[in-house]
Amino acid sequence: GYRISLQGSFLGSNHTFVPFPEYSPRQYIKLDPPSNLQANVTASKCQIWWSVPWSFAEILQYELQYKEHSTSWEIALNKTPTSSLPQIEIEATEFRNGITYIARVRCKVSENEDSYHSQWSEWSETTLFQRAGIPQLPEKLFNIRTVQFLFIPLSFVTVLYVFWNCKLSSRYTLFFLLGQKASPALTFPHQLPSFSHFTICTMGTLR
């Protein structure tokens, strides 16, 4: 360790002060922030990596912050890598499509390291990224022409179906009133003369 002393004069007398009788520089380190921060986002995950001095790379720990570009750092999310590697992976589901995100990282000596001790470095330069878009179906898959092509024949079939049902319903009603038990579709033309005769006889009786 080191001995740090301060000397000064007070009222014409020299004095020596020893604020740090034992000072170890290894216990009071502040590192430079990581550099060259980069990001790569796919449809499934976001990879972010950075550079640090190689002599400290194995004993450092990191803290990553990221947020939407338009929001404040006060509401940023924090991520702590589980290893000493200068990189991190985040699930892409944590990011919204079409939104620009910004990230930064800082470092310090790991708390599990006994030989050195440090405080957090300043934050690094930031990097911007966006989530890769999810493949979508082609636009206007069912365009106006396709809808028209399907609508016209379907409408025609529907009208025929309704017309045919109404026609059959009318025949059933008519033959029910005449007391016929045969099939209306097969006997209707043959019953028309009888129906006319029945009408004429009734009119003759009334006269």
Side-chain angles (χ1 to χ4, degrees), residues 1-6 8 17-148 150:
Y2 295 84
R3 175 186 175 91
I4 297 179
S5 62
L6 301 175
F17 302 92
V18 185
F20 301 101
E22 292 186 6
Y23 177 77
S24 175
R26 292 187 174 191
Q27 302 299 316
Y28 301 92
I29 297 174
K30 184 174 183 179
L31 300 171
D32 292 331
S35 60
N36 195 29
L37 183 64
Q38 300 182 57
N40 180 44
V41 189
T42 65
S44 60
K45 61 183 177 181
C46 171
Q47 293 179 315
I48 303 177
W49 65 94
W50 52 88
S51 300
V52 292
W54 63 270
S55 57
F56 288 97
E58 296 182 355
I59 62 172
L60 297 183
Q61 69 180 69
Y62 306 96
E63 182 179 30
L64 178 82
Q65 276 192 341
Y66 67 92
K67 68 180 184 69
E68 294 182 10
H69 187 262
S70 59
T71 59
S72 170
W73 283 110
E74 295 179 356
I75 59 174
L77 298 176
N78 293 357
K79 292 287 185 180
T80 302
T82 56
S83 70
S84 60
L85 296 177
Q87 64 183 31
I88 190 172
E89 287 189 0
I90 306 174
E91 292 294 327
T93 52
E94 297 191 24
F95 307 100
R96 297 191 294 164
N97 284 333
I99 301 298
T100 300
Y101 289 84
I102 184 172
R104 62 184 183 179
V105 66
R106 62 180 180 175
C107 65
K108 73 173 184 177
V109 175
S110 173
E111 295 179 356
N112 297 325
E113 179 63 36
D114 296 330
S115 301
Y116 298 91
H117 180 77
S118 72
Q119 55 182 307
W120 284 110
S121 69
E122 300 296 330
W123 289 105
S124 68
E125 296 293 328
T126 58
T127 186
L128 301 176
F129 59 92
Q130 280 189 351
R131 179 184 178 183
I134 299 176
Q136 298 179 352
L137 294 176
E139 293 184 1
K140 299 182 179 179
L141 182 61
F142 296 99
N143 54 30
I144 297 177
R145 290 183 179 271
T146 305
V147 173
Q148 290 177 344
L150 295 175

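All values below were derived from every heavy atom in this structure, side-chain atoms included, with hydrogens, water molecules and symmetry-related copies excluded. When a residue number appears, it is its place in the shown sequence, counting from 1.
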So how far is it from [X] [atom1] to [Y] [atom2], rounded to the nearest 0.5 Å?
{"X": "Lys67", "Y": "Leu77", "atom1": "NZ", "atom2": "CG", "result": "11.0 Å"}
{"X": "Glu91", "Y": "Cys46", "atom1": "CD", "atom2": "SG", "result": "10.5 Å"}
{"X": "Ile99", "Y": "Arg131", "atom1": "CD1", "atom2": "CZ", "result": "11.5 Å"}
{"X": "Asn40", "Y": "Glu89", "atom1": "CG", "atom2": "CD", "result": "10.0 Å"}

Closer than 3.5 angstrom, by distance alone: can the side chain of Glu63 be matched with the main-chain N or O of Asn78 as a donor-acceptor pair?
no
When you measure from the side chain of Thr100 to the backbone of His69, do you find a donor-acceptor pair of N or O atoms at a distance under 3.5 Å?
no
So, applying side chain to side chain contact (heavy atoms under 4.5 Å, CB included) with Cys107, which one of Pro86, Ser124, Pro34, Ser84 is it?
Pro34
With sequence neighbours excluded, give me every ring-ring contact (aromatic ring centres under 6.0 Å, His included) pair touching residues 29-55.
Trp50-Tyr62
Side-chain contact test, heavy atoms from C-beta onward, threshold under 4.5 Å: evaluate it for Val105 versus Ile88 and give yes or no.
no
Would a 4.5 Å heavy-atom cut-off, applied to side chains only, mark His117 and Val109 as touching?
no
side-chain contact (heavy atoms from CB on, under 4.5 Å), that's the test. Do Lys108 and Leu31 meet it? Break it down for me.
CA-CA 7 Å; Lys108 73 173 184 177; Leu31 300 171; 5.5 Å; no
Specify whether Tyr66 and Phe95 have parallel, tilted or perpendicular ring planes, treating 30° as the upper limit for parallel and 60° as the lower limit for perpendicular.
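Geometry flag for Phe95 against Tyr66: tilted rings.
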Derivation of the side-chain contact (heavy atoms from CB on, under 4.5 Å) call for Arg96 and Glu68:
CA-CA 9 Å; Arg96 297 191 294 164; Glu68 294 182 10; 2.8 Å; yes
Residues forming a side-chain hydrogen bond (donor to acceptor under 3.5 Å, both in side chains) with Lys30, sequence neighbours excluded:
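Residues passing side-chain hydrogen bond (donor to acceptor under 3.5 Å, both in side chains) with Lys30: Glu122.
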Ignoring hydrogens, what is the shortest heavy-atom contact between [X] and [Y]? Give both atom names and the distance.
{"X": "Lys45", "Y": "Ala92", "result": "N-CB, 3.5 Å"}
{"X": "Lys79", "Y": "Ile90", "result": "CG-CD1, 4.2 Å"}
{"X": "Ser118", "Y": "Ile29", "result": "CB-O, 2.8 Å"}
{"X": "Thr127", "Y": "Gln38", "result": "OG1-CA, 4.2 Å"}
{"X": "Tyr101", "Y": "Glu94", "result": "OH-O, 4.1 Å"}

Answer yes or no: are there more than 12 heavy-atom neighbours, outside Gln87 itself, under 6.0 Å from its atom CD?
yes
